[in-house]
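What follows is a set of notes on a single structure, which appears directly below.
In the text below, chain A, chain B and the rest are named by the order of the sequence lines, each starting its count at 1.
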Amino acid sequence: AETLVVGVQESGTVQWEIQTIKNLGLDTKHGLDLQIRPLADSRAGQIALQAGAVDVILSDFVWVSIQRSEGNMVTMVPHSLAVGGLMVPADSPIASVADLAGKTIAVSGSPVDKSWIILQAFYNQATSGTLSTDASARFGAPPLVNELLTTGGVDAALNFWQWNARAKVAGMTELLSVADMLETLGVAEQPPLLGWTFSDQIAATKTAAITAFLDASFEAKAVLRTDDTAWDKLTELMGASGDPALFTQLRDDYRAGIVSGYDPADTAAAEATFALLAQYGGAELVGDQTELAPGTFWEGYRK
Amino acid sequence: MAPGPGLSIDIADKRFAGAAPLLADFRLDIVPGSVVALFSPSGIGKSTLLRLIAGIDRDFIGSITIDGAPAHQAPPPGYVFQDPRLLPWLTARDNVRAASPAISAQTADAALARVGLADDATAWPHALSGGMQRRVALARAIATNPRLLLLDEPFVSLDRALVDDMHRLIANLAATSGATVIFASHQPEDASRLATRVITLAARPATIAHDLTFEHAPGRRDDATIAAYASQLATGVPHAALD
Amino acid sequence: MAPGPGLSIDIADKRFAGAAPLLADFRLDIVPGSVVALFSPSGIGKSTLLRLIAGIDRDFIGSITIDGAPAHQAPPPGYVFQDPRLLPWLTARDNVRAASPAISAQTADAALARVGLADDATAWPHALSGGMQRRVALARAIATNPRLLLLDEPFVSLDRALVDDMHRLIANLAATSGATVIFASHQPEDASRLATRVITLAARPATIAHDLTFEHAPGRRDDATIAAYASQLATGVPHAALD
Amino acid sequence: MAFAHRLFPTPIAVAAELWTLAVSGPLLTDLGKTLLRATSAFAIAMLLGTVLGIVLGRRRWLDRLFSGWLLVGLNLPAIVVAIVLYIWLGLTQLALVTAVVINKVPLVITTVREGVRSFSVDYDELAAALRLSPLRRLRLITLPQLMPFILAAARTGLSLIWKIVLVFEVLGSDGGVGYRVSIQFQFFDITGILAYTTAFILVVLAFEYGLLRPLERKVLQWRPAPA
Amino acid sequence: MAFAHRLFPTPIAVAAELWTLAVSGPLLTDLGKTLLRATSAFAIAMLLGTVLGIVLGRRRWLDRLFSGWLLVGLNLPAIVVAIVLYIWLGLTQLALVTAVVINKVPLVITTVREGVRSFSVDYDELAAALRLSPLRRLRLITLPQLMPFILAAARTGLSLIWKIVLVFEVLGSDGGVGYRVSIQFQFFDITGILAYTTAFILVVLAFEYGLLRPLERKVLQWRPAPA
Ligand SMILES: Nc1ncnc2c1ncn2[C@@H]1O[C@H](COP(=O)(O)OP(=O)(O)OP(=O)(O)O)[C@@H](O)[C@H]1O
Ligand SMILES: Nc1ncnc2c1ncn2[C@@H]1O[C@H](COP(=O)(O)OP(=O)(O)OP(=O)(O)O)[C@@H](O)[C@H]1O
Ligand SMILES: [Mg+2]
Ligand SMILES: [Mg+2]
């Protein structure tokens, strides 16, 4: 069997799929020797990929596109559609984005976080104002953002979906998901934000292994989408043992973001999103290129 | 001018950790305006006694009062340590000025001139010879016109002409300002020229082996008197005890 | 035992940055086994000259050879600085042993005993009196039995009995080992008892004002000879020059 | 090493990038923000650390009481301090500077305390004999002896503070060098990272040669030139 | 502050967590990994930094040549060093330790150099008069004078190294305290973070009171007790 080293964030939701592959023996079934290298965070993943310590990591398509335009020939196959959303406390006076004016919003990541750019675009379209000046934004790490929201330190929070799931369980409500915003902005189909990322070189030299891995991945996704029993073994990994409400929330939100098929030619949603991000986020977010780099999605596979 | 202070020393016990007492039941009274020479063999306790009188070392049992006040609360004495103890990061002038905020540059330069260092006010201590450093220390001690002068072997490392000058300097000071002076020395000549009283210490714990008083004021001694005192020292104080 | 080295000193120019030359065209030859006393007013250059001879200060124009070798390449002299210069982190014994790896604890203790510090081998320098520190420095200088001894005012801060002892010690050393000794001093007595030759320096740049040679070997001088030499010093060398 | 050429840019490329970012990019704004944070944290930490270091060096019982806590302070990970302060004070400028100060002060204290402990008793005796007032004693005796330790703390301190500021700017801020570098990192834009680093190092070099060295020369002119 | 209990856990909760993690969790393995990395980096950095610091403190021309570069080294962000070394040497133990050493050595050099510059010329003269061999000179004169600076560098150094190790463990390793803490941070598991921190601080306290203090007492026993 061919070997493939996949670097995954130890705390990430990606672990659920990997664990399912292992649980069901899907790797051996596809003739693959799958080796997992745990990573501490996304930066570690990028370093590991560049250092050649791993063959595949999980990354977002904007990063892949930027790398390609900069000459780092990496490519990806979609993994997840799940996106974040804007959260407010249950009794919040904020009923629509227009009410954000004059409020304090905690944003996970930085001022060029993708969700934040999309929210700004959405706000601009809805009110023709500028959100970054109308409201005051605070930027921090995701758990910090959740903490500030639940302790009442801020009026609203823009966070990733798995953090929002926790907030929902704690009584917050999702005012608007990023997918909703994109839809209003004219991106009807959800773009595949995260994908399995590898270099062109690995794609060329380890084609069989990559293909086997992707097959296993899609098979696991199918199981996770339909089979409740597959989830039982993941409870602890999800950090939801003893918390059935959280378990259900996480499971359902995860299912909503599962990618069911892949056609390298169908990149319209990604292209539209990229253009939107380029328009509102500028070079700080997407670099000098304003269009999705050709080859961002790997042509060597389809499902 | 007001005369120097009178001292009353009564030390029940002074010892350093883990050693036999250096001073025990030691009593000494010094009248205002005296010039007292302290003699003793090396290592008996002259420097320690001077440090106690200056209020530098307060770790002893007993009492030392200067005009009635405890030593460390008395006005600062003019003190010359056994080593020059200049602050290496200050020039000669600023070392003298360190003695008190009241000393102006002019006053400091004048004090330096009195010890023969008029040209060296801006020199750093490391650029001064051993004898010059000691003289800066002396200038620092006299610059404040202190009423009490405590000098720990102030005249060593100086050539004979300079020693004569320094003798005159201290004698003048004592005569004009009436300051009380206590100095440690190993040279009988220092005593015969300067002292009104000579005290020799011996043994451990230190006791007063001899206590001589001279009649003539230091400023008004002619060579004959000095010679007489010298011989008195040589006979009155046996050689070994004298130092 | 091999006699001490002969020295040939020829200094064309020695000055410190930004100052007039301290020594210029200075020539001095010293025969093996001499005991030379250096006199001068304070600040003329005794210590500087000794540092040059020891090879500590190599920043001068000219040459100093010790038995033909440049000063800094000659075997280490026994050196006593003008201050005690003990290493505060070493006990008295270890300070003596620092002089050479060849010195055992026994040798060091013996050297300390010769300066009257048999009981203080394990004391730290800060716990020693000024005179005791100077004696440790002397012990360090003699512990290696050096063939050349350079002593910068080695007898100050010592009582008269100790000075006598130290005189005897150095005289013995010179007599038995034939070591060459050069010492700076301000006390004519040091010279009349110890020296075979007396050199006085004066002025800037320093010149040799007087150069006296005594006939009797130091060890074999009776009191009468010493008195004669002392008077020779007092008359032969004018007071001011002698210092 | 498929990407080596981009990861090791030439100095010329870095200089060009530096120029571009300074003239038409956000470099000067970012640098300004970071410098403001770093210098205010530096000044506060040096002052506070020196004072506390002197006190702990002088008073044995205080040192015995607090030296364990000092070790705790020294070894508290930056992230813990950041979390606590960001939650307490919100994601504000004040929280950032406070977090940096808390991270740096124990280092200054430790260095200065070591310095005070190494003081010679000789000068204490002199101070006692001269009856120096606390202020004159500080100026004439304590600070000159402390100088090498303060210089060591200042030289290492500025660099440490800037590194801590970088970390905190990544965790929660809306600008500054650390923030920008973390974005550049996402592009794996080593040239940009090095341009920012260079800009900061130029500032430090200016500080060193324009301020610290001349000051040092003046303060330490008394030292004899080494042989 | 509804979540106060979770963000500011009681010492008892932390102790309990520490116990659980030690007995049945990965704490001991992680701590072992981190300690191995930290101590080897510490030893190498102290040795190298002291040697280079002495050399730069002694030789003016070398210092003039390298002091600018030293500043560059001091101010190079950890992330730059990490990227370069991880990509050069791979995600290996060697790369991690080297990166930490590169981060720490300039600090030791700076501190030790400041110490060497503060040396008294008196003892140099003594060394010259005694014709001390370089080794004896080092042992009898240089190291004793350097002691306060080495102690300062060691005390601050261990804590800094551990913090740098944390950063590098996040960026490229598969275990160790830093790796675990960054994962705990992603779950906002403050109790866990504090448990890990406490474990390390306990080790440092043991090092301080079991090794450094007794050693220090021995080495510095010559110092007169302050008044
Ligand atoms: N490092 C230095 N820099 C500048 N000048 C110096 C330096 N060392 C000594 N001097 C000057 O050189 C002169 C001679 O100094 P030296 O110590 O040799 O005198 P000395 O004869 O030993 O005096 P003393 O009897 O007082 O010890 C002095 O005037 C001193 O100011
Ligand atoms: N800090 C100390 N710790 C322990 N012992 C000390 C300390 N200071 C001084 N001594 C001891 O006290 C004794 C007296 O010392 P002191 O300096 O007073 O002598 P002294 O009479 O001035 O001698 P000298 O004429 O040599 O200067 C010495 O034996 C010395 O060893
Ligand atoms: Mg004394
Ligand atoms: Mg001299």
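Minimum interatomic distance between Arg85(C) and Leu126(E) (heavy atoms only, all atoms of both residues): O-CD2, 3.8 Å. Nearest approach of Phe81(C) to Glu125(E), heavy atoms of both residues: CE2-OE1, 3.5 Å. The two residues Ile56(C) and Ala129(E) come nearest to each other via the heavy atoms CD1-CB, 3.6 Å.
Residues of residues 26-39 of chain E lying under 4.5 angstrom from chain C, judged on non-hydrogen atoms, do not exist here. At a heavy-atom separation below 4.5 angstrom, chain C is approached by Leu132(E), Arg136(E), Leu140(E), Ile141(E) within residues 132-143 of chain E.
In this structure, the portion of Ala54(C) lying under 4.5 Å from any heavy atom of chain E is its backbone and not its side chain. Only the backbone of Ala71(C) comes within less than 4.5 Å of a heavy atom of chain E; no side-chain atom from C-beta onward does. Heavy atoms closer than 4.5 Å to chain E are found nowhere in Leu50(C), neither backbone nor side chain. Contact annotation for Arg51(C): only side-chain heavy atoms (C-beta onward) come within less than 4.5 Å of a heavy atom of chain E. Looking at Asp94(C), neither its backbone nor its side chain comes within 4.5 Å of chain E, counting heavy atoms on both sides.
For the atom pair CH2 of Trp89(C) and CD of Gln145(E), the computed distance is 4.0 Å after rounding to the nearest 0.5 Å. Annotation: the span from Trp222(E) atom CH2 to Leu87(C) atom CG amounts to 10.0 Å, rounded to 0.5 Å.
By the 6.0 Å contact criterion, CZ on Arg213(E) is enclosed, its count of non-hydrogen atoms from other residues, nucleotides or ligands being greater than 12. Counting non-hydrogen atoms of neighbouring residues, nucleotides and ligands closer than 6.0 angstrom, the CZ atom of Phe207(E) exceeds 12 such neighbours. More than 12 heavy atoms of other residues, nucleotides or ligands lie within 6.0 Å of CG in Leu211(E), so this atom counts as buried by the packing criterion.
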**OP:** Any chance you could lay out the side-chain contact (heavy atoms from CB on, under 4.5 Å) test for Arg223(E) and Trp124(C), step after step, and finish with the verdict?
**Re:** CA-CA 9 Å; Arg223(E) 282 192 193 161; Trp124(C) 301 108; over 6 Å; no

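Ranked by heavy-atom pairs under 4.5 Å with chain E, the first of Pro146(C), Pro77(C), Pro75(C), Pro101(C) is Pro101(C). Counting heavy-atom pairs closer than 4.5 Å to chain E, the top residue among Pro125(C), Ala127(C), Ser100(C) is Ser100(C).
Side-chain N or O atoms of Arg131(E) include one that pairs as donor or acceptor with a backbone N or O of Ala74(C) at under 3.5 Å.
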